[in-house]
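Every chain is numbered from 1, with letters handed out A, B, ... down the list of sequences.
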Amino acid sequence: ACGADSSSSGSSENAEGFDTSQTINVISREDGSGTRGAFTEITGVLVSEGDTETDNTYSGATIQNSTSGVMTTVAGDPASIGYISLGSLDDSIKAVTIEGVEATAETVQDSSYAIARPFNIAHNGELSEVAEDFWSYIMSAEGQEIVVGEGYVEAVTDAPAYEATEGMSGNISVVGSTSVTPVMEVLVEEYTALNPEVTIDITSNGSSAGMTAAMDGSADIGMASRELKDEELDVLTAEPLAIDGIAVVVNPENTIEDLTMEQVKQIFTGEVTTWDEVSK
Amino acid sequence: MKTKKLDGFMKGVFFVSALTSVLAIVLICIFIFAGGVPFMVEYGVLDFLFGQKWAPSNTPASFGILPMIMGSLAVTLGAIIVGVPIGILTSIFMAEFCPVWLHKILKPAVNLMAAIPSIVYGFFALQAIVPIMRHLVGGTGMNMLTAILLLGIMILPTIIGLSESSIRAVPRSYYTGSMALGATHERSVMKVVVPAAKSGIISSVILGIGRAIGETMAVVLIAGNQPIMPESLTLGVRTLTTNIVLEMAYASGSHREALIATAVVLFVFILIINGTFLIIKKKGAR
Amino acid sequence: MASKLMRGLIYTAAALTFGSLFYIVLFILIKGIPFLTPEMFAWKYTTDNVSLMPSLITTLIVVGMTLLIATPIGVFTGFYLVEYAKKGNKAVGLIRIATDTLAAVPSIVYGLFGMLFFVTFLNFQYSVLAGVLTSTIMVLPLIIRSTEEALLSVNDSLREASFALGAGKLRTIFKVILPVAMPGILSGVILASGRVVGETAALLYTLGSSTNLPSGLFSSGRTLALHMYVLSSEGMHVNESYATGVVLILFVLIINGLSTFLSNRLTKGTK
Amino acid sequence: MSKLSIKNMNLFYDDFQALHNVNLEIPKNQITAFIGPSGCGKSTLIKSLNRMNDLIEGCKIKGDILLDEEDIYKKDFDVNVLRKKVGMVFQQPNPFPMSIYDNIAYGPRTHGIKDKKTLDALVEKSLRGAAIWEEVKNDLKKNALSLSGGQQQRICIARALAVEPEILLMDEPTSALDPISTAKIEELVTVLKENYTIVMVTHNMQQASRVSDKTAFFLNGKIVETGETRKIFTNPQQKETEDYISGRFG
Amino acid sequence: MSKLSIKNMNLFYDDFQALHNVNLEIPKNQITAFIGPSGCGKSTLIKSLNRMNDLIEGCKIKGDILLDEEDIYKKDFDVNVLRKKVGMVFQQPNPFPMSIYDNIAYGPRTHGIKDKKTLDALVEKSLRGAAIWEEVKNDLKKNALSLSGGQQQRICIARALAVEPEILLMDEPTSALDPISTAKIEELVTVLKENYTIVMVTHNMQQASRVSDKTAFFLNGKIVETGETRKIFTNPQQKETEDYISGRFG
Ligand SMILES: Nc1ncnc2c1ncn2[C@@H]1O[C@H](COP(=O)(O)OP(=O)(O)OP(=O)(O)O)[C@@H](O)[C@H]1O
Ligand SMILES: Nc1ncnc2c1ncn2[C@@H]1O[C@H](COP(=O)(O)OP(=O)(O)OP(=O)(O)O)[C@@H](O)[C@H]1O
Ligand SMILES: [Mg+2]
Ligand SMILES: [Mg+2]
Ligand SMILES: O=P([O-])([O-])[O-]
């Protein structure tokens, strides 16, 4: 199968003019991405047998290293399919239902939508007083409300209310996942509104960079959009702050509405290469 | 006497400044090599360089970068084929065919072109070249051809700037000599002036190659980035630079070391290219 | 006939070059200008306004500091190479090779080096200092080269005249040669600032990407180009990142204009 | 018989008039020397004889220059053909940075000669004509720039001869050369005049008197006096000419 | 009395010997002219009188040059002081690209004069000395490069005078100038010799005979003949001198 020779058009155009004979253009994220890690594991693209794990992502899949890269590509190309963080979903693309279940905060919450992963924050050893306070804010009812407001699912249900301490001041540096960054920015804004003397720097350069920074102490708090690795957990204390669904997205022109988990897997491993085969 | 001492002191200052570059390059070598070479040795240098499979998330992971090496070579070669003729011809236009008033506009335009950030080029290509490519050859439109076209454009200012100045530096007497023999303007320029500027033009091409092989942020947006051997212009491609920038953010452990080792390979590439051309240039100068 | 064909090719090439430049600039302007709202220039970045003001100021800081360090080192290196070093001097060969190599090192390698050396080894963390030092090394060869060229283009008769009046080397360099070479050196410096303004890969791993104004040498920040990159990467602010692109292009235009203006003014005196 | 005649010629660089009402006949198969102090317009005039000043922006010419009775400035006169007929040698030797052979073959190739044998023959003939064949015949592939100044100048003469011109213009062809090379070139020129019409600018009075048949003395863009060289040097009619020749100025 | 004496001097550029066993006395308050064909070593010798050839890599000197009986090549001789005493004017006028005033004041400032009044006075005196004060006194702020060639050369002379040297070296100071400017400079030089010792290289025989008191004739790096100018030109002792002067070569 070859992603290039696609437009053998004519045969099976359906009512809306979407040519289902087109080759599927698979868009994936880069190796190491939290989104990809979670997606491949849940959909079965990643196969574990004993000690070995094999990521069977189709070798011809276009690789984008950012959510927007995936979105722009899918938005511009009727024949493509990708997956993105649910929080980033907008009208330029269309999320398909999986096994009939729509990807929403509710379906992620009640686990009926299966493709989801946690957003984690982590720290090494004792947090400073002010960082401790910020951490507790994130995990508080107020913090979790923000998380929900941004389109994610709260990680802590029935969280306690935040109790502001007078006169908090100081610097906190937060480093890590680009996916977590948007919600973290809002959290920081709201928190610093309550504690104007506190300055918080967010550096968004990747989950692993965040974990490394937290481990070597160059950051107070690290962010990861994936589960922590064992060697990271040896050193770090981590806690999820949100659950994020992963939406499978196609171009709005595409007439496909629903895919089964198996079909998703077949598409992303390259077993299925044209839209015909899944648009029954 | 006082001025003499100051003279000596400042000479020392100048010399120390001059050593900064040497220090910098030594540090870069040490840190990049120390970060990447141990991994290469442990994984197997040959397996790393000639392995065709890049699967860092697998257990056990595969770190073969041959697809990226070939990708870089292919894309750079393509960019040369596209950019060098256009760049050199444009520089000839600028130096010999362009009226003074127009030159006053075009010269800053070339400088602007050199100064436009790569990320802007990338955005442009993503929205302007990719859709066209999608219509022409199908797929996502993110393929080697797109990368080649974009890099072909991006190396233009490098080539034009240096080539133009070396063409202008050719003694006017060559041109006059040719005209006096009854040659046309075009012939005088192409047969006498341009060949005389050869070494400067070659240097500009080297710089262009350097730019093409090192370009990252623009390419990553539009190349498709599949870690597969480049077999067709219409398939996606991953280069050494994009391999690093794609995965660095999320890599850890040996994956991260493999990316730094990729930088080692890239760095050695640059050293080889630079070295080869230095030798060519020296020979030419003799 | 051959002449006409040649001329045709040359004109076509020029048209292609400048056509694509024009297209690129126009494209970014059209995509970005509609989103260039006043909120984009708010003093403080928030997730609502995604203001580019802090990045604009950080860009100025990073460029300014880089030039402050790189210019003297680069210009002094030029002085050494042109005015002091004897022909065939071994050190000169070494320095030339070093600058040539530095000039060819890809920015992503600078980025990794900066991360491994400044950020981690020297423990500067993601900071203005790490970013500035990395970009200093990156632009050094640009400044050295243009200084060298500018100095070499100064007529030897001026040096002779100065020495013949009993002036020493230092005085000759600073009072006679430097003013004449200034436009050339300046254009190198401007080129260098353009490179820093447009840099993403090298700064991503050294400067970090904090949205705050840096509060000191050791705090992180983001330049406009980084801002554009980061804004776009989560897919929520693509329009704003085009708007940032417009500002970036304007920035570059102003820098270029300034350099042309300055070098014109300076050369006027000497012609 | 006049090979070239210049009639009522005025030449302007933008607003500056560099030549005033110049009239001059250049006789066939003779050497005509232009002398005069620096800036008097010698180079300007010689350059207008093969329209090299077409290359100078703002240069305007009034009056006529006739080559074999034909106006070289008339509208559809092909300047490339003119320059083939009227060769030129410059003050600074300016060989192209290529092999000796390619230098000489450049002109013929320009005018469409591609055949290797014809070219070989032409190259040899021209180098012989410029009295440098013996010195370089074993080194035709050598870069012309590696030769000495005097040799370079003879290469340039050979290069001019290779397009088989009828006239040779030489603008101070020996001023950058040492005495021995100068002597060689002077000797060469007197041989060449059998087949070519030669116009030569010189600063060197002795040179003019040694080699030329006719001399024109310029001052401030005007021809002060012209005539047989012997006469001009022994019995000048004008006070300025006498002053100049006897070294009272210049 | 000799201001400068050159004794058994040999000069090498790397392996090439440019001067062979030169002996010459340069008398005080006189004009000494160096003549000879191109490449014979005139510039080389004049440059060694203020050690300008220190700047040329690979240039080695044997023998002595005495300035007021003191060896200028001896170890701890301060070359900046030497160059202050021995001023130099070059073939091509080379004013600095700065105002006329700053050009002249450059030398004095170099030697530590900062006081505005002293400088003003020096500038005026030097410009007067170089016979150009009247032409520029209202334009001292003007860039020196905007002057004509002849004016520029006088500015360079004024610049040299401003450091109050004892000797003036001039290497073909008029060869780039028009006749009128040349005449002005020649006139100036004859005035200057009252206060300065002057050494002048010239290609122009007439000039040497017009202005100099003593002449040295060079050939291939050797001095062939030296003597009173009048004698050299009317009654040369050597065959080569006579040949050169009468224009038989060069
Ligand atoms: N391209 C030009 N534009 C303007 N003026 C010019 C140009 N070329 C020459 N002139 C002027 O025209 C006059 C004649 O110049 P020309 O070069 O013909 O003199 P010349 O007799 O050859 O002098 P020389 O002996 O120095 O070569 C001079 O005043 C010169 O300044
Ligand atoms: N820097 C140098 N390196 C090597 N050789 C040199 C150098 N300068 C001059 N020469 C050689 O030394 C000889 C004398 O040169 P010099 O410049 O003194 O001659 P000149 O008499 O002044 O001639 P001209 O009249 O052309 O100025 C020449 O053969 C020249 O090639
Ligand atoms: Mg002339
Ligand atoms: Mg000389
Ligand atoms: O792929 P990420 O969700 O970790 O950015």
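- For a residue to count as touching a neighbouring chain, one of its non-hydrogen atoms must lie under 4.5 Å from one of that chain's; by this rule C:L9 touches chain B with backbone and side chain alike.
- Atoms CD1 and OG1, from C:I69 and B:T20 in turn, are 11.0 Å apart once rounded to the nearest 0.5 Å.
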Worksheet entry | From CA spacing to verdict: side-chain contact (heavy atoms from CB on, under 4.5 Å), C:F79, B:M10 | CA-CA 10 Å; C:F79 284 168; B:M10 285 310 283; over 6 Å; no

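- Both the backbone and the side chain of B:I260 come within contact range of chain C, with heavy atoms under 4.5 Å apart.
- Side-chain atoms of C:V109 and B:T241, non-hydrogen and from C-beta on, never get closer than 4.5 Å to each other.
- In terms of heavy atoms, C:L116 sits closest to B:F31 at CD1-O, 3.6 Å.
- For C:R145, the part lying near chain B is the side chain, with the backbone staying farther off; criterion is any non-hydrogen pair under 4.5 Å.
- By number of non-hydrogen pairs under 4.5 angstrom with chain B, the leading residue of C:I137, C:T200, C:I249 is C:T200.
- When heavy atoms are compared at a cutoff of 4.5 Å, B:L207 approaches chain C solely by way of its side chain, counted from C-beta outward.
- With a 4.5 Å cut-off on non-hydrogen atoms, C:S241 touches chain B through its side chain but not through its backbone.
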Item to complete: For side-chain contact (heavy atoms from CB on, under 4.5 Å), just list the numbers for B:I28 and C:L102, CA-CA rounded to whole Å, side-chain angles, deciding distance to a tenth of an Å, and then say yes or no.
Response: CA-CA 9 Å; B:I28 291 176; C:L102 278 186; 3.9 Å; yes

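- For the pair C:D100 (side chain) and B:N274 (backbone), a donor-acceptor distance under 3.5 Å is absent.
- The side-chain heavy atoms of C:T77 and B:F14, taken from C-beta on, include no pair separated by under 4.5 Å.
- Heavy atoms from other residues, nucleotides or ligands lying under 6.0 Å from CZ of C:F174 number more than 12.
- Of the atoms belonging to C:I24, heavy atoms from both backbone and side chain fall under 4.5 Å from chain B.
- Judged purely by distance below 3.5 Å, without hydrogens or angles, the side chains of C:S3 and B:T184 pair a donor atom with an acceptor atom.
- Looking only at side-chain heavy atoms (C-beta outward), C:L204 and B:M217 come within less than 4.5 Å of each other.
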Item to complete: May I have the step-by-step check of ring pair (Phe, Tyr, Trp, His ring centres under 6.0 Å) for B:F124 and C:Y23, ending in yes or no?
Response: CA-CA 9 Å; B:F124 160 77; C:Y23 185 23; 5.2 Å; yes

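- Only the side chain of C:Y110 comes within contact range of chain B, with at least one heavy atom under 4.5 Å from a heavy atom of that chain.
- Looking at C:I255, there are no atoms closer than 4.5 Å to chain B (heavy atoms on both sides), in backbone or side chain.
- A heavy-atom distance below 4.5 Å is not found between the side chains of C:K4 and B:E186.
- With a 4.5 Å cut-off on side-chain heavy atoms, C:P106 and B:T216 do not count as touching.
- When heavy atoms are compared at a cutoff of 4.5 Å, C:A85 does not approach chain B at all.
- The parts of C:F117 that come within reach of chain B are both its backbone and its side chain, each placing non-hydrogen atoms under 4.5 angstrom from that chain.
- For C:L248, the part lying near chain B is the side chain, with the backbone staying farther off; criterion is any non-hydrogen pair under 4.5 Å.
- Residue B:K11 holds its NZ atom at 12.0 Å from CD of C:E83, rounded to the nearest 0.5 Å.
- With a 4.5 angstrom heavy-atom cutoff, B:I86 touches chain C via backbone and side-chain atoms both.
- Side chains of C:F18 and B:T90 form a contact here, defined as non-hydrogen atoms less than 4.5 Å apart.
- The six-membered or imidazole ring of C:Y84 lies away from that of B:F15, with a centre-to-centre distance of 6.0 Å or more.
- Here the side chains of C:R171 and B:L6 are not in contact, with every heavy-atom distance at 4.5 Å or above.
- Contacts of B:Q127 with chain C are made by both backbone and side-chain atoms, with heavy-atom separations under 4.5 Å.
- Distance OG/B:S17 to CD1/C:I73: 6.0 Å, rounded to 0.5 Å.
- Of all residues in residues 102-122 of chain B, those placing a non-hydrogen atom less than 4.5 angstrom from a non-hydrogen atom of chain C are B:L106, B:P108, B:A109, B:V110, B:N111, B:L112, B:M113, B:A115, B:I116, B:P117, B:S118, B:I119, B:V120, B:Y121.
- Within a 6.0 Å radius of NZ in C:K169, more than 12 heavy atoms belonging to other residues, nucleotides or ligands are found.
- At a 4.5 Å heavy-atom cutoff, the contact between C:V25 and chain B is made by side-chain atoms alone.
- Proximity to chain C involves both the backbone and the side chain of B:I244, based on heavy atoms less than 4.5 angstrom apart.
- The most heavy-atom pairs under 4.5 Å with chain B, out of C:T101, C:T99, C:T244, come from C:T101.
- Between C:Y205 and B:V245, the shortest heavy-atom contact is OH-CG2, 3.5 Å.
- At least one side-chain heavy atom of C:I10 sits under 4.5 Å from a side-chain heavy atom of B:M190.
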